[in-house]
2 protein chains.
Amino acid sequence: MDRRQRKSREAIFKAFSELLSEKSFSHITVGEIIDRADVGRATFYAHFETKDYLLKELCEELFCHIFDSVEGKLNNHKHIFECDAPDSVFLHLFQHLKKNDNSILELLSCQNNEIFLRYFKDGLLKLIKSESFLFENENMKQLPEDFRINFISSAFVETVKWWIDNKMKYSPEEIAGYFMLVTNCKTQMF
Amino acid sequence: MDRRQRKSREAIFKAFSELLSEKSFSHITVGEIIDRADVGRATFYAHFETKDYLLKELCEELFCHIFDSVEGKLNNHKHIFECDAPDSVFLHLFQHLKKNDNSILELLSCQNNEIFLRYFKDGLLKLIKSESFLFENENMKQLPEDFRINFISSAFVETVKWWIDNKMKYSPEEIAGYFMLVTNCKTQMF
DNA sequence: TATGATATCGAACATTTTGTTCAATATTAT
DNA sequence: ATAATATTGAACAAAATGTTCGATATCATA
């Protein structure tokens, strides 16, 4: 990708992210974005069809990293179900979030976090679906599979939301423990 | 309330609801609403400050009924914790939704359902908070209270969402059973 | 380093949407 | 019947969207 393109794209992402932590998505205008990013109006529309697509691409870029890291983890541990809690997928996710190596946390905790949490959940859903055998437990066997998978994803996202709302004052290990408790998957999944 | 006011208000609500099941909230314009409702532009703005307030008031009107019915139930059964499952609050909510006595189901199942599910969850959260002693169980005692309450509300809303997505092919009793299973609250809450 | 390709610029532009105003008209409550 | 009030339609300003285009700056690469 051309350096100019990359620069413009990043300037727009940066400006947009900043604005998202100041006001709600629907009240942000293209005019504000390009002013802050310091790019021309035509440039914006050369990169992104609409404001909605900008959001979509930002989300994809953000969650790409975090899910890649989980998939790597899954592939490295074919026998993950034999591991202890510290090696679990979910603990890994909590730890990854805590490290905050990109701006994902900022966006997950801003007033528009619902948008990002939804993307987060969708990615999680796919991940769990693809490895669903890992996420079974005795209690929930009788439930329809998609109900079960949906429940686990939702519970995880809600836990993350609560964790962030509480300024992440609990350690990844503690919060993973809470999550294990409510999903009742301690012995099977970790 | 003046009959003219009521008529305009209802025409606007109706038009807005219809549009919501056709396209996303952000793409609906005031122009479209007033065309379909067949009221003047000035009338719209006499009733609602903005499109956002229209949504807010629609939600309030919709969920007012359903939560009132639950509170009534709670007051009629001071000893609800001694009741069997069929009398539970949550089963009552599932049954109330199934009856579909207003247009709430339509909106909960349209492509914009996230908006309404969020309102639903907020109402639920308040309800559960006010009667939180009813929603305890052995397993979850060690969790922070707001975490627990948030988890139950989320699990309920996610269950409703899944139920609706699956065309409500399960009975209120069945779906209440699923909910009880994942929240692990069978013995204490019902 | 010269060249052709391409990204950006900025300014102008048409279009859409928002939100306000106002005088004329219709409906309501009493 | 009367006074109060809601609606109307049209016009209006302001803001936002999305497009166009020629000039300029930057890039890849030979």
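We name chains A, B, ... by the order of the sequence lines, and we start the count at 1 in each one.
- One can place CG of Leu54(B) at 12 Å from P of dT18(C), the figure rounded to the nearest angstrom.
- Applying the salt bridge (Lys or Arg N to Asp or Glu O under 4.0 Å) test to Lys129(B) and every residue at least two apart in sequence or in another chain returns nothing.
- Counting to the nearest Å, the P atom of dG18(D) and the NE2 atom of His47(A) are 17 Å from each other.
- Whole-Å rounding puts the Ile34(B) CD1 to dG9(D) P distance at 10 Å.
- With rounding to the nearest 0.5 angstrom, the CG atom of Asn150(A) is 9.5 Å from the CG atom of Asn166(B).
- Distances shorter than 4.0 Å separate none of the side-chain N or O atoms of Thr43(A) from OP1 or OP2 on dA7(C).
- Distance check: Phe94(A) CZ to Glu174(A) CD gives 11.5 Å after rounding to the nearest 0.5 Å.
- Under the side chain to side chain contact (heavy atoms under 4.5 Å, CB included) criterion, Ser153(B) pairs with Lys121(B), Leu124(B), Leu125(B), Ile128(B), Ile149(B), sequence neighbours left out.
- The distance from atom CG of Asp38(A) to atom P of dA25(D) is 16 Å, rounded to the nearest whole Å.
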Contact pattern, 5' to 3', of nucleotides 19-24 of chain D - B, S or - by protein heavy atom under 4.0 Å: BB----
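- In this structure the side chain of Phe179(B) reaches within 4.5 angstrom of the side chain of Ile152(B), judged on heavy atoms.
- Glu10(A) places its CD atom 16 Å from the P atom of dA7(C), with the value rounded to the nearest Å.
- Under the side chain to side chain contact (heavy atoms under 4.5 Å, CB included) criterion, Glu173(B) pairs with Leu91(B), Gln95(B), Ser171(B), not counting sequence neighbours.
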Using a cut-off of under 3.5 Å, enumerate the N/O to N/O pairs linking the protein to nucleotides 2-5 of chain D.
unit_1, atom_1, unit_2, atom_2, d
dT5(D), O2, Arg4(B), NH1, 3.2
dT5(D), O2, Arg4(B), NH2, 3.4

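- Atom CZ in Phe44(A) sits roughly 17 Å away from atom C1' in dG10(C) (whole-Å rounding).
- Residues of residues 13-33 of chain B that place a heavy atom closer than 4.0 Å to DNA chain C, in numerical order, are Thr29(B), Val30(B), Gly31(B).
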Full working for side chain to side chain contact (heavy atoms under 4.5 Å, CB included) between Val30(A) and Tyr45(A): CA-CA 9 Å; Val30(A) 175; Tyr45(A) 283 105; 3.7 Å; yes
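- In this structure, the side chain to side chain contact (heavy atoms under 4.5 Å, CB included) partners of Thr29(B), at least two apart in sequence or on a different chain, are Glu32(B).
- The nearest whole Å value for the distance from the CG atom in Asp35(B) to the P atom in dT17(C) is 11 Å.
- Remark: Phe151(B) engages no residue in a ring pair (Phe, Tyr, Trp, His ring centres under 6.0 Å) (not counting sequence neighbours).
- The ring pair (Phe, Tyr, Trp, His ring centres under 6.0 Å) search around Phe147(A) returns Trp162(B), Tyr178(B), not counting sequence neighbours.
- A rotation axis mapping the C1' atoms of four pairs onto the next four is fitted at both ends of the helix from dT1(C)-dA30(D) to dT30(C)-dA1(D) over five pairs, and the angle between these axes is 50° to 10 degrees.
- Asp122(B) is linked by a side chain to side chain contact (heavy atoms under 4.5 Å, CB included) to Arg118(B), counting only residues two or more places apart in sequence or in another chain.
- With sequence neighbours excluded, the residues satisfying ring pair (Phe, Tyr, Trp, His ring centres under 6.0 Å) with Phe67(B) are Phe120(B).
- A perpendicular orientation is assigned to the rings of Phe16(B) and Phe25(B), their planes being inclined by more than 60° (bins at 30° and 60°).
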